[in-house]
2 protein chains.
Amino acid sequence: MANEGIHREWASRIRGHEESGNLVESVVEILDCAALCFTEMGFQGTSIDDVARRLGATKGRIYHYFRSKTDLFFEVHREGMTRLMDAVTAAIDAGGTGREKLQRMVEAHALTMMQNVAYEAVVVQGVHLHRLSATTPEQRVILNELMDVRHQFEQLFVQVFREGQADGSVRETADVSLAVKGILGAVNWMAIWYRPRPDERPETQEAMAHEVAELQIRGVT
Amino acid sequence: MANEGIHREWASRIRGHEESGNLVESVVEILDCAALCFTEMGFQGTSIDDVARRLGATKGRIYHYFRSKTDLFFEVHREGMTRLMDAVTAAIDAGGTGREKLQRMVEAHALTMMQNVAYEAVVVQGVHLHRLSATTPEQRVILNELMDVRHQFEQLFVQVFREGQADGSVRETADVSLAVKGILGAVNWMAIWYRPRPDERPETQEAMAHEVAELQIRGVT
DNA sequence: CGGATAACATACTACGCAGTATGTCGTAGG
DNA sequence: CCTACGACATACTGCGTAGTATGTTATCCG
């Protein structure tokens, strides 16, 4: 179960619940609803009561597990970022030329975006994390951690891009960072316009991810 | 002066001021500050007092010209959209093959984004306009109008894209709409990461815009 | 079988902020 | 010269909402 790893991660961070139980289900439910609310109405536009209402519960349940609205947002963001990271690193580990790896990375990125629109839309919002003015010193640590992961994520693409240039599979370009930002922009933008059709087939998503990746990669080869 | 046209536009919409004066300067100042605030802290994160403080004024001045915070946001959004539209349509009018036009459009789009980061960042935020729950019937009319312009903007790219496919200058692709969304995503994303260096030369911006456009166009040819 | 604790719900508070109502000052027009 | 109005500033209100404090119930452990 994918939840196992996630759970271990959480247990240490949430209200001092060090050991596991089936509290995980409850927390996951909260995170799912929060992700949906944040995606639909934005961070500031979402009230804790909104999330609670969607859960069919009250604030009490949420504040039982999360110190603040900001912490809740952080956790959703972290989860979304983790899923992205896992998908992309897996794509790297599959090996091949720089170009091949890069294309698989972009495709994995795109597919993950589509399969987790709610969480990833929150991640995209999170680019503006620094906007959060009401941050305790404690939160600021987490914030820096999150922004660091963001940066690492982008650097993964930069590294493989350079790798591809070194082995000749990727074209030389004026500014690698700019090229990568273009590619990531095209994919990240999906979180904004893409919403799954009620009856959407997995193959459709895969086809779209493949198409997006191919177009972007073609631009740099 | 570019302000002339803008002004005529406004006069009819703002607090019934039908005729001009130097009220325009004051309104432009407000819009500029509002754009900055919205860009930095988001719509919901920005208070009218924030904008006023940045102006070195008070709420009174803002509410003298704008009915509500939402209307203020709308006006900034409209201005940003207008600038984009103007730049892109000009690129179309320059003629050439579909591919040539498309590349100029993307380049113009990118350059406009960089030259008007504040306004365009608001436009990008505006993708989520539907989030605004507190909308009067009056505002909903404007909102539909804005979203309509958005759609038209995207359709411009789709049309020229097809034009390029017809004349053979653009490659056949599975889904034109998807391809366009990719390109627009790469450019729109600039509003999120790009911030002008204090001493940034215009040529630097032009070079970046050119680079981004070339990479994206190369993907579809 | 009692009491401790987890997992919530209910009730309440404090404050930020959008919007309004009213005041003030300068100026253009009669 | 006065008065009407535009261009703001000041002062105030009401509501939404984050966060807290305090129940309530079930369950597990000794």
Side-chain angles (χ1 to χ4, degrees), chain A residues 7 10-12 14-31 33-34 37-38 41-76 131-136 138-139, chain B residues 7 10-11 14-31 33-34 37-38 40-76 131-136 138-139:
Chain A
H7 167 227
W10 283 336
S12 59
I14 295 170
R15 289 281 182 186
H17 300 94
E18 292 297 341
E19 57 221 59
S20 63
N22 49 8
L23 94 160
V24 185
E25 301 165 20
S26 192
V27 171
V28 171
E29 253 185 310
I30 295 176
L31 288 175
C33 286
C37 287
F38 288 145
M41 309 184 297
F43 174 73
Q44 328 244 12
T46 301
S47 78
I48 294 289
D49 291 291
D50 288 333
V51 181
R53 199 173 310 130
R54 192 167 208 138
L55 276 166
T58 65
K59 312 168 72 139
R61 178 163 167 198
I62 297 173
Y63 278 104
H64 181 67
Y65 294 103
F66 298 92
R67 289 190 199 285
S68 69
K69 182 180 163 184
T70 303
D71 286 72
L72 177 56
F73 185 83
F74 281 170
E75 225 50 41
V76 174
R131 281 177 180 168
L132 303 182
S133 46
T135 39
T136 68
E138 247 185 349
Q139 291 176 346
Chain B
H7 166 228
W10 283 334
I14 295 169
R15 288 280 182 186
H17 300 94
E18 293 298 341
E19 57 222 59
S20 63
N22 49 6
L23 93 160
V24 185
E25 301 164 19
S26 192
V27 172
V28 171
E29 253 185 310
I30 295 175
L31 287 175
C33 286
C37 288
F38 288 144
E40 291 172 8
M41 310 184 297
F43 174 73
Q44 328 244 14
T46 301
S47 79
I48 294 289
D49 291 289
D50 288 332
V51 181
R53 199 174 309 130
R54 192 167 209 138
L55 275 166
T58 64
K59 310 166 74 137
R61 180 164 167 198
I62 297 174
Y63 278 104
H64 181 67
Y65 294 103
F66 299 91
R67 289 189 199 285
S68 69
K69 182 180 163 185
T70 303
D71 286 72
L72 176 58
F73 185 84
F74 282 170
E75 224 50 43
V76 174
R131 281 177 181 168
L132 303 182
S133 46
T135 39
T136 68
E138 248 185 348
Q139 291 176 346

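In the text below, chain A, chain B and the rest are named by the order of the sequence lines, each starting its count at 1.
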Chemist: Looking at residues at least two apart in the chain, or sitting in another chain, which of them share a side-chain contact (heavy atoms from CB on, under 4.5 Å) with B:Gln44?
Modeler: A:Gln44
Chemist: Please give, in whole Å, the distance from D:dT10 P to B:Arg61 CZ?
Modeler: 13 Å
Chemist: Can you tell me if the side-chain N/O atoms of A:Ser26 get under 4.0 Å from OP1 or OP2 in C:dA7?
Modeler: no
Chemist: Determine the interplanar angle of the B:Phe43 and B:Phe38 rings, folded into 0 to 90°, and report it as parallel if under 30°, tilted if 30 to 60°, perpendicular if over 60°.
Modeler: tilted
Chemist: Atom OH of B:Tyr65 and atom C1' of D:dC8: how far apart are they, to the nearest Å?
Modeler: 8 Å
Chemist: Go through the structure and list residues passing side-chain contact (heavy atoms from CB on, under 4.5 Å) with A:Thr58, not counting sequence neighbours.
Modeler: none
Chemist: Does A:Arg61 have any side-chain hydrogen bond (donor to acceptor under 3.5 Å, both in side chains) partners at least two apart in sequence or in another chain, and if so, which?
Modeler: A:Ser26, A:Glu29
Chemist: Kindly point out which of D:dG19, C:dC8, D:dA7 is positioned nearest to the side chain of B:His64?
Modeler: D:dA7
Chemist: So does B:Tyr63 get a side-chain nitrogen or oxygen closer than 4.0 Å to the phosphate oxygens (OP1/OP2) of D:dA7?
Modeler: no
Chemist: A:Arg67 has an atom CZ; how far is it from atom C1' of D:dT20, in whole Å?
Modeler: 14 Å
Chemist: For B:Cys37 and B:Val51, which heavy atoms make the closest approach, and how far apart are they?
Modeler: SG-CA, 3.9 Å
Chemist: Would you mind reading off the distance between A:Phe66 atom CZ and D:dA18 atom C1', rounded to a whole angstrom?
Modeler: 16 Å
Chemist: Could you work out, with salt bridge (Lys or Arg N to Asp or Glu O under 4.0 Å) as the rule, every residue matching B:Asp71, not counting sequence neighbours?
Modeler: none
Chemist: Please list residues of residues 41-49 of chain B whose heavy atoms come under 4.0 Å from any atom in DNA chain D, ordered by number; otherwise none.
Modeler: none
Chemist: Under 4.0 Å from any atom of DNA chain C, heavy atoms only: list the residues of residues 51-60 of chain A that qualify, in numerical order.
Modeler: A:Ala57, A:Thr58, A:Gly60
Chemist: Which residues pass the ring pair (Phe, Tyr, Trp, His ring centres under 6.0 Å) test with A:Phe74, sequence neighbours left out?
Modeler: none
Chemist: Only counting residues at least two apart or in another chain, list the ones meeting side-chain contact (heavy atoms from CB on, under 4.5 Å) with B:Ala52.
Modeler: B:Ile62
Chemist: Please enumerate all residues that pass salt bridge (Lys or Arg N to Asp or Glu O under 4.0 Å) together with B:Glu40, with sequence neighbours excluded.
Modeler: B:Arg54
Chemist: How close or far is atom C1' of C:dC17 from atom CD1 of B:Ile62, stated in whole angstroms?
Modeler: 13 Å
